[in-house]
**Q** 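There's a structure below that I have some questions on.
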Amino acid sequence: MHIYDSVQKTKLPFGPIREGEASIYVCGPTVYDDAHLGHARSSLAFDLLSRTLKALNYKVTMAKNFTDIDDKIIKKVEETGQSMEEITSFYIDRYLKEMAALGVERADIEPKATESLQAIENMIQKLIDQDNAYVISTGDVYFDTSKDSHYGEISHQVGEDEDNQSRVAHTSEKRNPKDFALWKACKGKDDICFDTAFSPGRPGWHIECSAMIEEHFSGNDEYSIDIHGGGADLLFPHHENEAAQSRCAIGHELSKYWMHNGFVQIDGEKMSKSLGNSFFLKDALKIYDGEVLRYYLNSVHYRNDFNFSEEELQTSKKRLDKLYRLKKRVSPGKASAVNKTFKKALLDAMGDDLNISTALAVIDEMIASTNDTLDTNPKNKSLKKETLANITFIDTLLGFGGKEPFSYFQIGVDEALKAEIAKLIEARTNAKKEKNFERSDALRDELTALGISIMDTPEGTLWEKA
RNA sequence: GGAGCCAUCGCCAAGUUGGUAAGGCCGUAGAUUGCAAAUCUGCUAUUCACCAGUUCGAGUCUGGUUGGCUCCUCCA
């Protein structure tokens, strides 16, 4: 397995802390609103990572957090009158359901900031005791970036003197312009806050990840976890700050490898809530099947930006359709053993920093050669069984191709229409027997009008939703 | 202002240590079909934004130019 490490900016062989194991922490969403396609892509990218490592026989432990204390959530509380808990649990539930529709496996650990307050307080207290952090007059606690000689090595976003260039305004009580809040003291009696030894308030954004990692992973003398992941926008300042506070509090590096996924763009621009160009997952799932969306969003390498277009999505679906047509052709039956050459080619591709393009090419070649052989010898039973096993392997590794193939092509067709289709096909078959082609073509046109395309095979006439 | 990333066929998109351009869509010629659809076969980039350099050899390395995107503010 090779992984591109965004800190060293190069592809590295994956050598985990513990032989045969992989610990992964991915930054999850702040739960104050619906997830958009960008969240989906990030989630999908690390799902692919986890599945690939598992297929390579690593014992994977994956954590993905929910940030459930945050300014935006508090703002929503003020706007809606709902409790923070009501809001966050609603969006967490939604998020999990939508990701499940995309075939994303649940993380082993799903920590929430509200459930990690003790770990957060402990870490902040430790940093204060070490004088790596300080409390200002308002009760806010800041991390002193000057105490960390390695600050800037994660994002390479160093720059010592051009602080005035920074777009971040900073308060005069900060020791250094780059110092960031570990703890935000509560401002009024209605503010949502939690009690600590230093001040009542709530955690800053960065500290929760560091604290959660310490709470849930043991690591070794050098690193807490193997891989830390998230969107490319988190590299700075979020991950830089996480790394700094962990390094100072724990005395070693936070993560051995850092991985960052590229953005989903709309018309060449990053999709984000602040730009107002978000395509929400819930809306996408109303129009497209989760599996099709998964295939599409995963079809471009995770580090590249992804320009979303419905037209490309349709093109992408055609490719998935081909896999299901083959599956239809070899079904029903019992799977035998996966083809070793095929399996190796897929694992080699995915083991190379998740090279999905090569993996999809390997699959397309398998589909073509299998169809070719089946054209010559339609009754090749052992090939059919092997193909079934190959497709099962694809489903395990990449998360698509697992559906029953006939139902895949019938998504969105209700029972009444199915009966109607069956009737028309039967009538057409009879017309064909009588060589009444005028009538059979007319019946086909009727089916086409219903959005159904048909194909005559030795096994009879099959249909698909166009 | 500072820090990065990217630029490969009409479209999407691979291409680790430099060695002579995967795959998909579209198009096209054929096989198959009553005709289609599905499936298969052939064809479809002497060329990798542009310029210069290193090298026996560069899409891959170096420098520069142009264009696009991102981060430095919440952000996947």
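Model, not experiment: these values are computed from the prediction. Here is the naming used below: chain letters follow the sequence lines, and residue numbers restart at 1 for every chain.
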**Q** Assign Asp441(A) to base, sugar-phosphate, or nothing according to its heavy-atom contacts below 4.0 angstrom with the strands shown.
**A**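 Base, at least one base atom sits under 4.0 Å.
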**Q** Taking Arg175(A) for the side chain and Asp144(A) for the main chain, is one N or O donor matched with an acceptor at less than 3.5 Å?
**A** no
**Q** Aromatic ring centroids of Tyr91(A) and Phe66(A) under 6.0 Å?
**A** no
**Q** Could you check whether Tyr296(A) and Phe308(A) have their ring centres less than 6.0 Å apart?
**A** yes
**Q** May I ask you to say what Phe236(A) touches in the nucleic acid, namely base, sugar-phosphate or nothing, with a heavy-atom cut-off under 4.0 Å?
**A** sugar-phosphate
**Q** Measure from the side-chain N and O atoms of His39(A) to the backbone N and O of His36(A), and report whether any donor-acceptor pair falls under 3.5 Å.
**A** yes
**Q** With respect to the side chain of Glu365(A), which nucleotide from rA76(B), rU70(B), rG23(B) is positioned closest?
**A** rG23(B)
**Q** Check Glu98(A) with Lys282(A), please: is the shortest side-chain N to carboxylate O separation under 4.0 Å?
**A** no
**Q** Expressed in angstrom and rounded to an integer, what is the separation of Asp445(A) atom CG from rC35(B) atom C1'?
**A** 11 Å
**Q** Less than 6.0 Å separating the ring centroids of His206(A) and Phe180(A)?
**A** yes
**Q** How does protein reach along nucleotides 36-41 of chain B, written 5' to 3' as B (base within reach of a heavy atom under 4.0 Å), S (only sugar-phosphate), or - (no contact)?
**A** BBSBSS
**Q** By the 4.0 Å heavy-atom rule, please label Ser43(A) as base, sugar-phosphate, or nothing.
**A**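 Nothing, no heavy atom under 4.0 Å.
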**Q** Considering only heavy atoms, which members of residues 274-298 of chain A lie under 4.0 Å from some atom of RNA chain B?
**A** Ser274(A)
**Q** Can you give one letter per nucleotide of nucleotides 26-31 of chain B, 5' to 3': B if a protein heavy atom sits under 4.0 Å from the base, S if only from the sugar-phosphate, - if neither?
**A** S-----
**Q** Which residues, if any, of residues 341-359 of chain A bring a heavy atom under 4.0 Å of RNA chain B?
**A**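 Heavy-atom cutoff 4.0 Å gives Asn355(A), Ser357(A), Thr358(A).
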**Q** Heavy atoms only, 4.0 Å cut-off, all strands: where does Val26(A) land among base, sugar-phosphate and nothing?
**A** nothing
**Q** Can you classify the ring geometry of Tyr25(A) versus His228(A) as parallel (below 30°), tilted (30 to 60°) or perpendicular (above 60°)?
**A**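 The arrangement is tilted - the two ring planes meet at 30° to 60°.
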**Q** Could you tell me whether Arg94(A) and Asp34(A) make a salt bridge, using a distance below 4.0 angstrom between a side-chain N and a carboxylate O?
**A** yes
**Q** Out of rG23(B), rC11(B), rU70(B), which nucleotide sits closest to the side chain of Glu312(A)?
**A**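 The answer is rC11(B), which lies nearest to the side chain.
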**Q** Could you go through residues 345-355 of chain A and list every donor-acceptor pair under 3.5 Å that involves a side-chain atom there, pairing it with any protein atom two or more places apart or in another chain?
**A**
residue, atom, partner, partner atom, Å
Asp348(A), OD2, Lys344(A), NZ, 2.6
Asp352(A), OD1, Lys11(A), NZ, 2.9
Asp353(A), OD1, Tyr4(A), N, 3.0
Asp353(A), OD1, Tyr302(A), OH, 2.6
Asp353(A), OD2, His301(A), NE2, 3.4
Asp353(A), OD2, Tyr302(A), OH, 3.4
Asp353(A), OD2, Arg303(A), NE, 3.2
Asp353(A), OD2, Arg303(A), NH2, 2.6
Asn355(A), OD1, Ser357(A), N, 3.4
Asn355(A), OD1, Thr358(A), N, 3.0
Asn355(A), OD1, Thr358(A), OG1, 3.1
Asn355(A), ND2, Thr358(A), OG1, 3.2

**Q** Is it the case that Ser453(A) and Glu464(A) place a side-chain donor and acceptor less than 3.5 Å from each other?
**A** no
**Q** Would you call Asp140(A) and Lys174(A) a salt bridge, taking side-chain N to carboxylate O under 4.0 Å as the test?
**A**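 Judged by the 4.0 Å cut-off on N to carboxylate O distance, Asp140(A) and Lys174(A) do not form a salt bridge.
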**Q** Does His260(A) reach a base, just sugar-phosphate, or nothing at all? Heavy atoms under 4.0 Å.
**A** nothing
**Q** Determine the contact category for Gln314(A): base if any of its heavy atoms lies under 4.0 Å from a base atom, sugar-phosphate if only primed atoms, P, OP1 or OP2 are that close, otherwise nothing.
**A** nothing
**Q** Once you apply a heavy-atom cut-off of 4.0 Å, does Gly28(A) come out as touching a base, just sugar-phosphate, or nothing?
**A**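 Sugar-phosphate: the residue Gly28(A), judged by heavy atoms under 4.0 Å, touches backbone atoms but no base.
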**Q** Gly268(A) near the nucleic acid: base, sugar-phosphate alone, or nothing, with a heavy-atom cut-off under 4.0 Å?
**A**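 Since only primed, P, OP1 and OP2 atoms lie under 4.0 Å of Gly268(A), the category is sugar-phosphate.
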**Q** Salt-bridge test for Asp71(A) and Arg202(A): reply yes if a basic N is under 4.0 Å from a carboxylate O, no otherwise.
**A**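 Here Asp71(A) pairs with Arg202(A) in a salt bridge, since their nearest N and O are under 4.0 Å apart.
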**Q** At under 4.0 Å between heavy atoms, what does Glu311(A) touch on the DNA or RNA strands: base, sugar-phosphate, or nothing?
**A**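 Contact class for Glu311(A): none.
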**Q** Quick one, which residues of residues 103-112 of chain A touch RNA chain B with a heavy atom under 4.0 Å?
**A**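 Within this stretch, nothing sits under 4.0 Å of the strand.
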**Q** Please give the distance between the C1' atoms of rC12(B) and rG19(B) as a whole number of Å.
**A** 28 Å
**Q** Consider only side-chain N and O atoms of Thr61(A) and Asp108(A), and report whether a donor and an acceptor are under 3.5 Å apart.
**A**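 Result is no, nothing qualifies.
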